[in-house]
Chemist: 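Questions regarding the structure given below will be posed in turn.
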Amino acid sequence: MASDVENAPSPSWVQTVLIGRNPKRTAVRIVILVAMCLLVFNRFVLVPIRVEGLSMMPTYHDHRINFVNRVVYHFHKPQRGDVVAIRTSGISIMYMKRVIGLPGETVAFQGGRALIDGEILNEPYIKCRCDWELPPRQLGPDEYFLVGDNRSMPASDHTMGVASMARIVGKVLL
Amino acid sequence: MRRWVWRVLLAVGFLAIGVWVWTLVFPSPERVIRKRLTELAKAATVSGNESQLAALLNSQKVAGFFTGDIEINLDVPGNSQQVLNGRDELAQQAMVLRSAVGSMRVEFYDIIVTVAPDKSTAEANLTLVARPAGRDKIVLELKFRLNKAEGEWRIYRLETVKTLSLL
């Protein structure tokens, strides 16, 4: 056996660097590494989601595929206008909403317009105006007001409201 | 490979099989509750063309997961708040619902179970997704409170958790 090894042509250094001394083992290592990276990436970095429902129309249509960036809010807090994913009891089912109110602000709806601290919020993403009315509500130090872009539906059918930072999973990527 | 490595691998394998068999024979309360809630979702699912007798039996089956003095407080978006007291009222309402919806698939996601230190009460949080035929799906975050009586976990309180609160 020893003589076989000695007689076999030694792989070039380029081949050794690129695919290692044993290509089969290298391939197995690569497959395992890719699978682990995908697993970690899909769970903790970019979570794939499928949009269901009409509450974010016309910005996001039903059945569209998207991703939630779970890392971004480790570096800064959610900003007004961000579209975020909100967890329920876990992340299998999440709500997708837009942040309109930030901690400490007072949010209200008057004649269908969102008011932040008494001033009308400019919302260029709204295509259909509504007649929603909501009394002023001051947000706590860790609370955000979240609402969908589809204001053509009755307020009673539209899931909106206040969520703490712990509920926000991440920012919707696309 | 050296013989001792094989021995260690074999021992680890036997240990893993032993642990797996142990968890099958003596499941943890969390596992039992999770299984029971999954069975509840299955029982609550309404298949199409369900006869009156089948609807009645299935409603009774659903009610069997709850204690006699069950308190239910549900806040379904777009509907008024539903308050039910007692297993009989629950069975009646389940029967009415089954007759009304035609067919409906019920699924529970992300079941998180917390068992109290006394091991006789527990709390389970989950997300219910109901898909009635021809209507929008309903998503509700629910909190179940369970107790163990006569060797069975039964639900004694059920309420909606507000994922997004307006109050």
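Because the structure is predicted, anything quoted here is derived from the model rather than measured. Chain letters run A, B, ... following the sequence lines, proteins first and then strands; every chain starts at 1.
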Chemist: Name the region of K137(B), side chain, backbone, both or neither, that has any atom closer than 4.5 Å to a heavy atom of chain A.
Modeler: side chain
Chemist: For chain A, which residues of residues 99-116 of chain B have at least one non-hydrogen atom nearer than 4.5 Å to it?
Modeler: Y109(B), D110(B), I112(B)
Chemist: Extract all donor-acceptor atom pairs below 3.5 Å that involve side chains of residues 158-165 of chain A and protein atoms in other chains or at least two apart in sequence.
Modeler:
residue : atom : partner : partner atom : Å
H158(A) : ND1  : N150(A) : O            : 3.3
H158(A) : NE2  : G148(A) : N            : 2.9

Chemist: Could you tell me the separation between the OG1 atom of T127(B) and the CD1 atom of I91(A), rounded to the nearest 0.5 Å?
Modeler: 11.5 Å
Chemist: Would I168(A) and I49(A) show up in the same hydrophobic cluster when neighbours are defined by side-chain heavy atoms closer than 4.5 Å?
Modeler: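 No, no single cluster joins them.
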Chemist: Using atom types as modelled, flag every donor-acceptor pair under 3.5 Å from a side chain in residues 10-29 of chain B to any protein atom, sequence neighbours excluded.
Modeler:
residue : atom : partner : partner atom : Å
T23(B)  : OG1  : V19(B)  : O            : 3.3
T23(B)  : OG1  : W20(B)  : O            : 2.7
S28(B)  : OG   : R31(B)  : N            : 3.3

Chemist: Would you indicate whether Q52(B), at its atom CD, is surrounded by more than 12 heavy atoms from other residues, nucleotides or ligands within a distance under 6.0 Å?
Modeler: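 Not buried by this count: 12 neighbours or fewer within 6.0 Å.
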Chemist: Identify which part of L134(A) has an atom lying under 4.5 Å from any heavy atom of chain B, answering side chain, backbone, both or neither.
Modeler: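 When you check distances to chain B, only side chain atoms of L134(A) fall under 4.5 Å.
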Chemist: Rounded to the nearest 0.5 Å, how far apart are CG of L166(B) and CZ of F145(A)?
Modeler: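 It comes to 5.5 Å.
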Chemist: Around atom CG of D88(B), are there more than 12 heavy atoms from other residues, nucleotides or ligands closer than 6.0 Å?
Modeler: no
Chemist: Taking atom CD of E105(A) as the centre, does the number of heavy atoms from other residues, nucleotides or ligands within less than 6.0 Å exceed 12?
Modeler: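 Yes.
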Chemist: Ignoring hydrogens, what is the shortest heavy-atom contact between R87(A) and T163(B)? Give both atom names and the distance.
Modeler: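 Heavy-atom minimum between the residues: O-CG2, 3.4 Å.
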Chemist: More than 12 non-hydrogen atoms from neighbouring residues, nucleotides or ligands closer than 6.0 Å to CG on D136(B), yes or no?
Modeler: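 No, not enclosed.
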Chemist: Taking all non-hydrogen atoms of both residues into account, name the closest pair between S165(B) and R137(A) and its distance.
Modeler: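 Taking S165(B) first and R137(A) second, the nearest heavy atoms are OG-NH2, 4.4 Å.
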Chemist: Name all residues meeting the salt bridge (charged side-chain N to carboxylate O under 4.0 Å, His left out) criterion together with R50(A); count only those two or more places apart in sequence or in a different chain, and write none if there are none.
Modeler: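 If we apply the salt bridge (charged side-chain N to carboxylate O under 4.0 Å, His left out) test to R50(A), skipping adjacent residues, the hits are E52(A).
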Chemist: Under 6.0 Å from the NZ atom of K77(A), do we count more than 12 heavy atoms belonging to anything else shown?
Modeler: no
Chemist: To check you understand the geometry: which heavy-atom pair defines the closest contact between Y95(A) and V139(B), and what is its length?
Modeler: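 Smallest heavy-atom distance, with atoms named: OH-O, 3.7 Å.
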Chemist: Considering residues, nucleotides and ligands other than R64(A), do more than 12 of their heavy atoms fall under 6.0 Å from its CZ?
Modeler: yes
Chemist: Give, as side chain, backbone, both or neither, the part of I93(A) having an atom under 4.5 angstrom from any heavy atom of chain B.
Modeler: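 For I93(A), backbone and side chain are both near chain B.
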